[in-house]
Amino acid sequence: MYHPHLDDDDLVKISNIENNFIYTYGYFSIFYSKRKLLSLYKEYANLDYESQNKKYTLLEETREEHYPVLENKNGTFVYGSYIYLLFKEIESLNKNNYFYIESTFLEEEDLIKVINLYNDGFNKGFNDQLLLELKNINNNTGSSFLYLKPEILKESK
């Protein structure tokens, strides 16, 4: 299976590492702080709302995307603005991995549908019809940087 801009061997090499967890679906954590940032903001702004174990979204002034945020006893977690989705790529990966679905911010009913579609993929193949059904659950999906060439070094002008 060919993916433009994706080094054909990278994902396959990663999937061959023993005891590997491959993130396949869900909001991807992009920031963590041990500090309870929502509680600190609530105190600073003298607001009255429950900050612990409640799901909120952040909106930056310069962006349109909403970023889910969760605070619990361990600190504050900020997630990407869309659901990361790895599905058809699984066909070319070593199946002796743990394929991870992040359930935070997913309704239980939708989570069960997602799990069933991934199970169908493992049993029947990761085809376009299953992918369409998966996107019909929530179409706010993306593949992050999976298909982008890395730009580690930039030439200075």
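Quick note: residue numbers are just sequence positions, from 1.
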Checking the side chain of [X] only, and the main-chain atoms of [Y] only, is there a donor and an acceptor separated by less than 3.5 Å?
| X | Y | value |
| --- | --- | --- |
| Tyr118 | Thr24 | yes |
| Asn20 | Ile14 | yes |
| Glu71 | Phe77 | no |
| Asn97 | Phe21 | no |

With sequence neighbours excluded, what pairs up with [X] under the side-chain contact (heavy atoms from CB on, under 4.5 Å) test?
| X | answer |
| --- | --- |
| Glu133 | Leu117, Gln129, Leu130 |
| Thr57 | His66 |
| Glu65 | Arg63, Tyr67, Ser81 |
| Asn140 | Tyr27, Tyr82, Asn138 |

Donor-acceptor pair between Thr62 and Glu60 side chains, under 3.5 angstrom: no
Do the side chains of [Y] and [X] get nearer than 4.5 Å, heavy atoms only?
| X | Y | value |
| --- | --- | --- |
| Phe28 | Glu102 | no |
| Tyr56 | Leu38 | yes |
| Leu86 | Tyr23 | no |
| Tyr84 | Tyr25 | no |
| Val78 | Tyr32 | no |

Do you reckon [X] sits in the same ILVMFWY cluster as [Y], going by side-chain contacts under 4.5 Å, direct or chained?
| X | Y | result |
| --- | --- | --- |
| Tyr49 | Val69 | yes |
| Ile101 | Phe122 | yes |
| Leu106 | Tyr100 | yes |

Short N-O contact, Lys42 and Asp48, less than 4.0 angstrom: no
Proximity of Tyr79 and Phe105 rings by center, below 6.0 Å: yes
Heavy-atom closest pair, residues Gly80 and Pro68: O-CD, 3.2 Å
Just verifying a value: how many Å separate [X] [atom1] and [Y] [atom2], rounded to the nearest 0.5 Å?
| X | Y | atom1 | atom2 | result |
| --- | --- | --- | --- | --- |
| Ile83 | Lys135 | CD1 | NZ | 11.5 Å |
| Asn94 | Ile22 | CG | CD1 | 8.0 Å |
| Leu40 | Ser33 | CG | OG | 8.5 Å |
| Leu93 | Ser15 | CG | OG | 4.5 Å |
| Glu91 | Asn127 | CD | CG | 8.5 Å |

Glu64 atom CD, over 12 foreign heavy atoms within 6.0 Å: no
Tyr44, OH: over 12 other non-hydrogen atoms inside 6.0 angstrom: no
Full working for side chain to side chain contact (heavy atoms under 4.5 Å, CB included) between Lys34 and Asn74: CA-CA 6 Å; Lys34 189 174 183 178; Asn74 298 314; over 6 Å; no
Glu18 and Asn96: CA distance, side-chain angles, deciding distance, side chain to side chain contact (heavy atoms under 4.5 Å, CB included) verdict: CA-CA 8 Å; Glu18 288 186 37; Asn96 293 323; over 6 Å; no
Run the side-chain donor-acceptor check on residues 109-116: report pairs under 3.5 Å with partners two or more places apart or on a different chain.
from: Asn116; atom 1: ND2; to: Ile112; atom 2: O; distance (Å): 3.3

side-chain hydrogen bond (donor to acceptor under 3.5 Å, both in side chains) involving Tyr41 - partner list, sequence neighbours excluded: none
